[in-house]
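Chain letters run A, B, ... following the sequence lines, proteins first, then strands; residues in each count from 1. As the structure is a computational prediction, the values presented were derived from the model and not from experiment.
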Protein chains: 2
Amino acid sequence: MTNYYEVLDKNLVAVDCVIFGYDISDKELKLLLVKRKFEPEYGKWTLPGGFVKKDEGVLEAACRVLYQLTSLKDVYMEQSYAWGDVDRDSGGRVITISHFALIKTHELDPVMIEASVAHWRSISRLPKLIFDHRRIIDRAYKELIDRIKVKPVGFELLPEKFTLVQLQDLYEAIYQRKIDKRNFRKKIISMNLLEKMDEKEKETSKKGAYYYRFIPSRYEDFKRQGFYFNLDVQ
Amino acid sequence: MTNYYEVLDKNLVAVDCVIFGYDISDKELKLLLVKRKFEPEYGKWTLPGGFVKKDEGVLEAACRVLYQLTSLKDVYMEQSYAWGDVDRDSGGRVITISHFALIKTHELDPVMIEASVAHWRSISRLPKLIFDHRRIIDRAYKELIDRIKVKPVGFELLPEKFTLVQLQDLYEAIYQRKIDKRNFRKKIISMNLLEKMDEKEKETSKKGAYYYRFIPSRYEDFKRQGFYFNLDVQ
DNA sequence: ATATTTAAGTGTATAATATACATTAAATGT
DNA sequence: ACATTTAATGTATATTATACACTTAAATAT
């Protein structure tokens, strides 16, 4: 096939993944970072990333990078931004398309993470990163804050069953501010997207707190009825 | 320089521009579309686009495409999305990064647009477009609706001086619904971002409507004071 | 068995914001 | 001076957001 495209400049295209996880016990939002395994910037902290292959979609590449690192599939993954400045990578011209992923940290094989080059780092205490990766993270984090206000994506970071205290802690960790307990509960309960379970979580208190589950089908109904998720509460 | 990147797959990277304009007299939101000048899909309707050169930033490429078509510089341009499916372009593997631009249609040289391959088409009566360009537009249009609710970008589509009727007409054209006149005016006036001029627009009515101007420095103050632009009004 | 401790769970009053809605004002042409 | 046309304006009500403090349940210690 003769192809008009063949005379044109081609570029390296990469994906970088801003992988968010939430540590339910220390109540901190974390990022999964790695040390770079090739030059330039060998051994430096970087976002997990990789190059987009000829026969591979961009989203597919991002999911592959995540899978290779975590063995996780069916993860919440959203495109963030295409970073296209000519000089953003000191090794050559690379256009990278950043994504953010939300993973349930307890689903990660602890042996694997121990053995791997990946490390969880608190969002509030990040190491120095290569290139523009800090800006990439900042943007993804802002997008996460915006998203979690208006879409029920927080549950992607929590176990299947969680208490309302844990859910609020997660929101407080992401918003980086306190939320009024009664207003928060009023709002999430009123949307009727959660199912209260009979079981209680008893590790953190004598009284115990009821577990809840997010019910995706209820959210589908909710949307169908023209309602909008909102947990932008003070 | 030895380079670890040299063995990797490279890809064609394009930019496509969703160029919004507003026709103040027929009160319609329009897109600037062109007919494709090369194979495949020669002669078919397409978004204005181009390939990203080796030594050119992605945003820079989008601005170049816009400039070549309109001779306009310093235009509102925002990245929309990177479209990366392997088979999205029937001519070969092309990753395209779509952008949306907001231009003041009256600033376009009418002779140039007449002579060029570009045509304004109403957003509500688009022709059949190549590849995934319709999806690209749909996404950009949704983003525009979201953006214009919370950022004063509507003024990018209007002349320097405009009436409140014209501003509301623009919002109604974008939202594709009627807005209550008093509530709309109450909200935009209360933000104190507009300056009322002494002059009146007298073409469309005997009484005439006062012209207003958007004052960017007031918006800077407004933000500095922690306020948020909002014209999400019924 | 009773008291103490700890975190979970709950309601209401007030403030702020959004909405619905109809008349008057200004200018021109007849 | 009257008719016509579009611009401009205010208020009452409904909805939503916010601020705020005590009670409950269960385990543990006395």
Legend entry - Pair B:Tyr76, B:Glu78: side-chain N/O donor-acceptor within cut-off below 3.5 Å: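 Note: B:Tyr76 and B:Glu78 side chains meet the donor-acceptor criterion.
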Legend entry - Distance-only donor-acceptor check, side chains A:Thr96 and A:Asp16, under 3.5 Å: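 Checked: A:Thr96/A:Asp16 side chains pair up, N/O donor to acceptor below 3.5 Å.
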Nearest-Å distance, [atom1] ([X]) to [atom2] ([N])?
X	N	atom1	atom2	value
A:Leu167	C:dG9	CG	P	12 Å
B:Glu203	C:dA27	CD	C1'	15 Å
A:Ile189	C:dG11	CD1	C1'	14 Å
A:Phe184	C:dG9	CZ	P	13 Å
A:Asp232	D:dA17	CG	P	9 Å
A:Ile179	D:dA17	CD1	C1'	14 Å
A:Tyr212	C:dG9	OH	P	6 Å
B:Tyr228	C:dT17	OH	P	14 Å

Legend entry - Partners passing side chain to side chain donor-acceptor pair (under 3.5 Å) against A:Gln79 (at least two apart in sequence or in another chain):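 In terms of side chain to side chain donor-acceptor pair (under 3.5 Å), with neighbours along the sequence ignored, A:Gln79 is linked to no residue.
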Inset, instruction - Might you point out which heavy atoms bring A:Val58 and A:Val15 nearest each other, and give the distance in Å? - result: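 In this case the closest contact between A:Val58 and A:Val15 is O-CG1, 3.6 Å.
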Legend entry - Protein proximity profile, nucleotides 20-30 of chain D - base contact B, sugar-phosphate-only contact S, no contact -, cut-off 4.0 Å on heavy atoms: BB--BBBB---
Legend entry - A:Gln234 vs D:dA17: side-chain N/O to OP1/OP2 distance below 4.0 Å: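 Answer is no, no contact under 4.0 Å.
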Inset, instruction - Describe the nucleic acid contact of A:Thr163 in one word from base, sugar-phosphate, nothing, applying a heavy-atom distance below 4.0 Å. - result: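 If one applies the 4.0 Å heavy-atom cut-off, A:Thr163 turns out to touch nothing in the nucleic acid.
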Legend entry - Ring center gap for B:Trp45 and B:His133 short of 6.0 angstrom: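 When the ring centroids of B:Trp45 and B:His133 are compared, they turn out to be at least 6.0 Å apart.
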Legend entry - side chain to side chain donor-acceptor pair (under 3.5 Å) pairs, two or more places apart, involving residues 160-171 of chain B: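 Listed once each, the pairs are B:Lys161-B:Glu199, B:Gln168-B:Glu172.
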